[in-house]
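Computed from a prediction, not measured in an experiment: that's the story for all the values here. In the text below, chain A, chain B and the rest are named by the order of the sequence lines, each starting its count at 1.
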Amino acid sequence: MPPPPPEPARDIPLHRYTAALASEIESRWQERWQRDDAYRAPNPGEHGFDPAQPKLFVLDMFPYPSGAGLHVGHPLGYIATDIYARYHRMCGKNVLHAMGFDAFGLPAEQYAIDTGTHPRATTEKNIGIFKKQLRRLGLGHEERRGVATTDVAFYKWTQWIFLQIYNSWYDAALNKARPIEGLIADLDSGTRPTGPQTKPWPKMDANERASHIDSHRLAYLADVDVNWCPALGTVLANEEVTTDGRSERGNHPVLKRPLRQWMMRITSYNERLLSDLEGLDWPEPIKMMQRNWIGRSEGAFVDFASGTRKVRVFTTRPDTLFGATYMVLSPEHALVDALAADKWGPTAPEAWKGRFPGAEALIAKEVSPKEMIAAYRAFASSKTDQERQADAKDKTGVFIGAYAVNPVNDERIPIFIADYVLTGYGTGAIMAVPAHDKRDFDFAKQFGLPIRDVYYPNAVLAMRFFCASATEGERRGEAWFPTLADFLGVVTSGDLKPNEFEGALSGIRAKPRNPEDDMKAKRAEKRHAHEDVPGALGQRRGTIRVSWQETLEGMGFDSFGELCEWFESKAFHAHSGEAFTGEGVAVNSGLLDNLHTHDAKQRISEHLEHKGLGKRAVQYKLRDWLFSRQRYWGEPFPIVYEEGDAKHERPIALPERLLPVTLPEIDEYKPVASDDPNAPPQPPLGRAKEWITVELDLGDGAKRYRRELNTMPQWAGSCWYYLRYLDPRNAESFVAPKVEQYWMLSEKGPADLGACGPDKASGSSVSEIDKPSGPQAPKPTFHSGGVDLYVGGAEHAVLHLLYARFWHKVLFDLGHVSTPEPFGRLFNQGYIQAPAYSDDRGVYVEATAVVEESPGRFSFEGKPVRREFGKMGKSLKNVTTPDDVCDEYGADTMRLYEMYMGPLEQSKPWNPRDIVGVHRFLQRVWRTVIDEDTGALRVSEEAPDAETLRLLSKTIESVRSDFERLSFNTAIAKLIELNNHISKSYGERPTPRPLATAIALMLAPIAPHFAEELWSRLHAGNAASIIRQPFPEADASALVESSIELPVQVQGKVRSRIVVAAEADEATIRAAALGDEKVRAFLEGKTVQKVIVVPGRMVNIVAG
RNA sequence: GCCGGAGUGGCGGAACUGGCAGACGCGCUGGACUCAAAAUCCUGUGCCCGCAAGGGCGUGAGGGUUCGACUCCCUCCUCCGGCACCA
């Protein structure tokens, strides 16, 4: 960024609102606000707390304090929440708005590895830079609540929450988490049996009991496949692995490896995480992403017998069971070895024996099924996830020499293993229905397996009926369509849409008989594409785009009769080209025949359950959460192990009194890397020799224990930081219940939540405190309480927001918080994009040094460069920092510009050229109030004229509603309009005081320093801060107009305008419209058929 | 492939529930001030025809519903985001 241009001071009026003046005003007020603790929001019990005052909790997604500092993209959301918070403060609310730091994490640790600087030093330095930058923007955060996740006093409570989770289990009967003591009590008293597969509780020894308990905990150790990077010596999150299966840092190979890791049983909550989304005021796309991530699907388990064993499959389409022609297990399925035959039977086709690279050679060597299985497993596990995805169409697998019996028709079907069946989902086994599943279809084609239709599209069935009963005349004549449509009506219970039929017909489209026909069909399609469709369907069900004749031609038939002949000749195959996965009518399915998909599902489920062959089931994609990392810069686990036998070790939770477990100092931060990929991980904490063992008395005498050496992932702190804002200094608990209830519970529904005004702001939130908690609490209508407004980027749509919801629900179940959801209203701000320029080698060049030669042509150091738009960042060399903008225009202009760029939720390009617009606006407002030459006030005590007052009231109304909706760009536009009107109306004359004060007040949330300065000057320096002045109210009486102008349309086009009395009745308006000269000219020679009068809106005259 | 979101002047965008398309800003045009420039102020600015009055066309494309469609419905195209063999 070039230095700001020197102010050409000599010709500019002395008291103009310039960057220099802005800077002076801004630092002066920032100091003053800090001195006065201007944003203090008292907690219950604190000085100044008023129980009658409504509360508002506004939250930003707190940042990771990176070394690069802020760029202009970061504060977008912060400015928005600041405006919202300031506005509501002016509406008399007790507003909590704070900013903390998500300060654990990899960059500081990586920097430590490279330089030896302690991550805490780096982190604290960066936090200092961030705080300074944020303060410079005038963000009204309450300082005392701004916590960092790395503060020992903070992560003590992160560890405490971990213990709460660890010491809990999920009681499926009550559908909530309970303390683990409850489980032990149930087992002791015998009210809860251990389960059919397990030893009874009284017969277990101490070890067995402990592991039985451990297997119920919400935090548990398990052997799981993780992304393990031997070179870095750590497991990596999926986001830290590149698309080609290497580490993002260092580009080292990453492999899947089973390791004993901490897990969180988030899957216990899948149903609640899913259904509680309904009550949240969140953007629909985010809800959708969470739904997809949780991935609920309804279906059934079905048991297939194979020899003496049963293989259970999961399917969402039990209604296609009659079409199952083979079965597939995942390569790792537990039953594969037991089921596999010693040799392939004589009837096993060669093609089944193995299809994967290297299989042919093995077949030639006549290896046994078991050898082939081993080879296939080796092949499958060597594939990265990316390769699997790339090969999705090319299916591989091996026939294991065994058969299973389809329980509904006793058919013998072959069993395969294939890696397109995943171990971790469902039962890791499927019944394959190639006719109605794309993947099964691909597999069947490649292995030469039978494909049996058990569903036909509705149209096909209609065709069957038709072919069976239509007369020769109907086939050949014009009347074919109505008859077919009637059949369709029967088949589809009458609600088939025309387009569905069109689609259905194209679904059975025959392969063109020869290329020439295909061309003919295409030409026909083009020729007729825009013609309206005559005929029965057009009249009966609306109009469709392509005529039936064309549909026929498109399928390669000249007439309907020809289609019938073809259909009857059995050349037709529903799956000629692909699997039919849509809904339709069952065929070839015995008891399901002629049922529609929905009914068939119902019927088969009842049948299976009745016969004991299967049962309805629900599956989820959501997996338990891998919760440990081999890193230094994270929260240590409050967990120790007994010294000694490492194989059977069980974790021991530290009691609360031993918290916090502080991070030890170590001399080197690097994890211990290893060339042996099978070596156990050596987390950096292992270097703290003094720390890794500890002598403790946990109730059975002093003993030495080994500490857990893993640390928690970065998500841990962000799962609950918002709760610590409420009560940041509390040493007794993570948040005092009274305080938590005050800030998190909302008595009001969603409609009232954002509302602000004297009539709506009454009523107390504290009366709510006695509300019962627990899952039995009254069902939320829409708003489930929690944070009133949470603003952040959509990149956290699933991970952070899902993890935080999970922790919150656990805390809720255990009675530590009073709302089932943490964030009642969520808003996603867009990204700020910026042009980035690359030269002919594709290397990015410094964007600030690029010049625009001519529109659309850019050059850097004389050479042409290419422009694109991307997320602002170091790598694209297109960063602008807020400090640059503050230097050049001031923080208020910066705030105003970011809000004026466009809708908050939209991504938009950073365009510095536009900043002058809002800067000029502030200059004009300044001139409305202050004389640029003398610096004196230029306001008068005279009353504003009626028209200006009306505009003022209108502006107040819309600005208020715009603020509520976070529509700041339009709010600013209204304010510009108002100011333009004032300067036009009053010109050189001084501005009436009410207008000046109103505009200052309305600007206060957006441009706080600027508004405070005007406010102060308007009151000769004797005013209390504008921060808590009441926001202007619209004057209803000023809004009344005596006459209004209405547009008059003829045939829907505006032709004239009429002025009528505001309260004019319809007849008067009608007469005025018809009498209008211009209207009469347009009605010349026509008769008026209809006059539509929309009172207060417009008039439309229909004439013909 | 599946699921979302979005396409409006030269540019960013407005029109909130089907009722005056283009608010507001940038840019550009012309003018005032100035020796001149900058800054500031005023004027105009969707496209086409027209000296003008006026007219025609216009919200990604095509159709539909309606007295009336940026807004609702259908088909298609383009861009962005998410998921990706989840049975």
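Here A:Lys954 does not pair with A:Glu977 in a salt bridge; the nearest charged N to carboxylate O distance is not below 4.0 Å. Taking the charged nitrogens against the carboxylate oxygens, A:Arg317 and A:Asp437 have no contact shorter than 4.0 Å, which rules out a salt bridge. The pair A:Lys445-A:Asp442 does not meet the salt-bridge criterion, since no charged nitrogen lies less than 4.0 angstrom from a carboxylate oxygen. Remark: A:Arg312 engages A:Asp303 in a salt bridge, criterion side-chain N to carboxylate O under 4.0 Å. Using a 4.0 Å cut-off between a side-chain N of Lys or Arg and a carboxylate O of Asp or Glu, A:Arg1057 and A:Asp1076 do not qualify as a salt bridge. Under 4.0 Å is where a charged nitrogen must lie from a carboxylate oxygen, and between A:Lys601 and A:Glu298 no such pair does.
Heavy-atom distances under 4.0 Å link RNA chain B to A:Ile976, A:Glu977, A:Asn980 of residues 974-984 of chain A, given in residue order.
In B:rG22 the base sits anti relative to the sugar, since the glycosidic angle is further than 90° from 0.
Only the P atoms considered, B:rC83 is 36 Å distant from B:rC70, to the nearest whole Å. B:rU78 and B:rU65 are spaced 26 Å apart, taking the C1' atom of each and rounding to whole Å. Nucleotides B:rG9 and B:rC57 have their C1' atoms positioned 14 Å apart, rounded to a whole Å. Going from the C1' atom of B:rC85 to that of B:rG81 covers 22 Å, rounded to whole Å. Nucleotides B:rC24 and B:rG13 are separated by 9 Å at their C1' atoms, to the nearest Å. Straight-line distance between the P atoms of B:rG62 and B:rA69: roughly 15 Å, to the nearest whole Å. To the nearest whole angstrom, the two P atoms, one in B:rU8 and one in B:rC3, are 25 Å apart. Remark: the separation of the P atoms in B:rA52 and B:rG46 is 15 Å, to the nearest Å.
Sequence order on RNA chain B of the closest nucleotides to A:Gly424 and A:Arg924 puts A:Arg924 first from the 5' end. Judged by closest nucleotide on RNA chain B, A:Ser958 is the one of A:Asp437 and A:Ser958 placed further toward the 5' end.
A:Val1102 comes within contact range of the sugar-phosphate backbone alone, with a heavy-atom separation under 4.0 Å but no base atom that close. Across all strands shown, A:Val1091 has no heavy atoms under 4.0 Å from either base or sugar-phosphate atoms.
Using a 4.0 Å cut-off, some side-chain N or O of A:Ser297 falls inside it from OP1 or OP2 of B:rA87.
Of the nucleotides present, none pairs with B:rA15 by Watson-Crick or G-U wobble criteria with both distances under 3.5 Å. Nucleotide B:rG4 forms a pair with B:rC80, judged by Watson-Crick or G-U wobble geometry with both contacts under 3.5 Å. A 3.5 Å limit on both hydrogen-bonding distances identifies B:rC57 as the Watson-Crick or G-U partner of B:rG46.
Between A:Tyr897 and A:Trp910, a ring centre-to-centre spacing shorter than 6.0 Å is recorded.
Minimum atom distance to the side chain of A:Arg920 is reached by B:rC26, of the listed B:rC26, B:rC57, B:rC67. The side chain of A:Tyr420 lies closest to B:rC85 when the candidates are B:rC85, B:rU40, B:rG19.
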Identify all pairs in which a protein N or O lies below 3.5 Å from an N or O of nucleotides 7-14 of chain B, and state each distance.
from   : atom 1 : to       : atom 2 : distance (Å)
B:rG12 : O2'    : A:Met901 : O      : 2.7
B:rG13 : OP1    : A:Gln906 : OE1    : 3.1
B:rA14 : OP1    : A:Asn969 : ND2    : 3.2

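In the interface, the side chain of A:Lys395 is paired with the base of B:rC85 through a donor and an acceptor atom under 3.5 Å apart.
In this structure, A:Tyr455 and A:His436 have perpendicular ring planes: the angle between them is above 60°, well past the 30° mark. By the 30° and 60° cut-offs, the orientation of the rings of A:Phe314 relative to A:Tyr425 is perpendicular.
For A:Tyr420, the ring pair (Phe, Tyr, Trp, His ring centres under 6.0 Å) test picks out A:Phe443, with sequence neighbours left out.
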